[in-house]
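Okay, structure first, notes after.
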Amino acid sequence: MVTPQAVEGAALQLRGVGKTFVRADRSTVLALEGVSLDVAAGELVSLVGPSGCGKSTLLRLIAGLEPATTGELRVGSEPITCPSAERGLMFQDPSLFPWLTVRRNIESGLVARGVLRQRRHEVAEFLRLVGLEAFADVYPHQLSGGMAQRAALARALINHPRVLLLDEPLGALDQFTRMRMQDEILRVWESRGTTMVLVTHDIDEAIYVSDRIAIMTPRPGRIEQIIDVALKRPRRRTDARFLALRAEILERLNLSGDPANSSSPPALDNLSR
Ligand SMILES: Nc1ncnc2c1ncn2[C@@H]1O[C@H](COP(=O)(O)OP(=O)(O)OP(=O)(O)O)[C@@H](O)[C@H]1O
Ligand SMILES: [Mg+2]
C-alpha cells in the first residue's frame, strides 16, 4: 500500500507575478499582471477564468517552464527558477507514450530521474492507488479515456511531487467519468497531502474539490476574488449550500442567466466549453 504521509505538499507563494510575451513580430502580450496568491502546504486551490486570461501561463510559471517577467514565485522558501520533479504538471490530454504499456508509462517518471532501480517497487503501489493493477500490461490505445487519465495521474504522482499542477485534466472526459475522476483526485490528495492547483472551466468541479477558488479577470490575468469553499467533505453536489455557492459564483461572473445582468459581458466567456 502507498504509505499515507502527513503532508507531502509544499506551500506556494506568488508575489506580484507578471508575464509579458514577445511575439515573433516583436509585439508584446501582457498575459498576467500582479498575481499574488498563497497556497498552503496540502491545500487544493482551483483557478477559474475566461479563455486566454493566463491560467496555463501561470501553471507554466509555477512549473518553472517559463520565467516570470515580474514578481516572485516560491515553493516552500525556495525561489522557482527551473522545472523540478517536485512540481508535477498534468494536462487535459493524458499524453501517455503510445508505445509503452501502462506500467512502463508510469515508470517513465522514475526513468527520467534515473531512480528506476531504487523505486521500481512503487510502480505497483501507484497502479493500485489509481485502480489500474489489472491493466498494467496493456497499451494506452486499449484504455478508456478515464483510465488513461488515471494512468497519467499515477505517472505524475510517482515522483512524489510536493505540488501537483493540473491544467484542465478532466476536460475531455464525459460527465460521469469526470465526476468519478474528481473523487479519484480527492482520494489521492487526501492520502498524500499533495498541494494542488487545478485549472478548470467547470464551476461544479471547482466547488466539489477545492478548499478555495481563485477567480481570474480577462487578460491581463489578475486574481479578482478568492472564494473559500467552507463545505465539509465528502461534498454533495445536490446539497443546498453547494447550490447556493454555485449560484453565488455564477452571479458573481454574470453567468446566472438573469436578464438583469445580460447587458454586462460575461466575466467568463467559455465556462460551458
Ligand atoms: N508563448 C506565447 N507567446 C505569445 N503569447 C502567448 C504565449 N503563450 C501564451 N500566450 C498568450 O498569453 C495569453 C494567456 O494564455 P494562456 O494559454 O495562459 O490562457 P488560458 O487562461 O490558459 O486560456 P484557456 O482557458 O483557453 O486555456 C493568451 O493571450 C495567449 O495568446
Ligand atoms: Mg489554458
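Order of appearance sets the numbers: ligands from 1, and atoms from 1 within every ligand. Quantities reported herein were computed from a predicted structural model and do not represent experimental measurements. Residue indices begin at 1 and follow the sequence shown.
- Each of the atoms 12 (O), 13 (C) of ligand 1 lies under 4.0 Å from some heavy atom of Ala31.
- Ligand 1 has no nitrogen or oxygen under 3.5 angstrom from a nitrogen or oxygen of Glu66.
- Counting non-hydrogen atoms of neighbouring residues, nucleotides and ligands closer than 6.0 angstrom, the CZ atom of Arg15 exceeds 12 such neighbours.
- For the ring-ring contact (aromatic ring centres under 6.0 Å, His included) condition, the pairs that include at least one residue of residues 73-97, sequence neighbours left out, are Phe97-Trp99.
- Taking every heavy atom of Cys53 and a limit of under 4.0 angstrom, the matching atoms of ligand 1 come to 19 (O), 21 (O).
- Looking at Arg155 and Arg150, their side chains never come closer than 4.5 Å, going by heavy atoms from C-beta outward.
- By the 4.0 Å heavy-atom criterion, His201 is counted among the residues contacting ligand 1.
- Numbered from 1 in the order shown, with element, the atoms of ligand 1 that lie under 4.0 Å from a heavy atom of Thr57 read 14 (C), 15 (O), 16 (P), 18 (O).
- Residue contacts with ligand 1 do not include Gly49, since none of its heavy atoms lies under 4.0 Å from the ligand.
- At a heavy-atom cutoff of 4.0 Å, ligand 1 is contacted by no atom of Arg60, backbone or side chain.
- Between Leu231 and Ile207 there is a side-chain heavy-atom pair separated by less than 4.5 Å.
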Intermediate values then yes/no, side-chain hydrogen bond (donor to acceptor under 3.5 Å, both in side chains), Arg237 and Gln182
CA-CA 12 Å; Arg237 296 181 179 85; Gln182 290 163 3; 2.6 Å; yes
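- The Mg ion (ligand 2) has no N, O or S atom of Ser51 inside 2.8 Å of it.
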Worked check of side-chain hydrogen bond (donor to acceptor under 3.5 Å, both in side chains) between Ser27 and Asp25:
CA-CA 6 Å; Ser27 61; Asp25 64 2; 2.6 Å; yes
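- Of the charged side-chain nitrogens involved, at least one lies within less than 4.0 Å of a carboxylate oxygen, so that Glu184 and Arg187 count as a salt-bridged pair.
- Aromatic pair His121/Phe126: centroids not less than 6.0 angstrom apart.
- Of the residues Glu86, Arg87, Arg113, Arg119, the one that meets the side-chain hydrogen bond (donor to acceptor under 3.5 Å, both in side chains) test with Asn159 is Arg113.
- Of the polar atoms of Gly54, at least one N or O is found under 3.5 Å from an N or O of ligand 1, judged by distance alone.
- Interface atoms of ligand 1 facing Arg219, defined by a heavy-atom separation under 4.0 Å, are 13 (C), 29 (O).
- For atom 25 (O) of ligand 1, the choice among Met216, Lys55, Gln92 with the nearest heavy atom turns out to be Lys55.
- When only interatomic distances are considered, the shortest N/O to N/O separation between Gly52 and ligand 1 falls below 3.5 Å.
- Between Val29 and ligand 1, a contact under 3.5 Å exists for no N or O pair.
- The Ser51 neighbourhood of ligand 1 comprises atoms 23 (O), 24 (P), 25 (O), 26 (O), with distances under 4.0 Å to a heavy atom of that residue.
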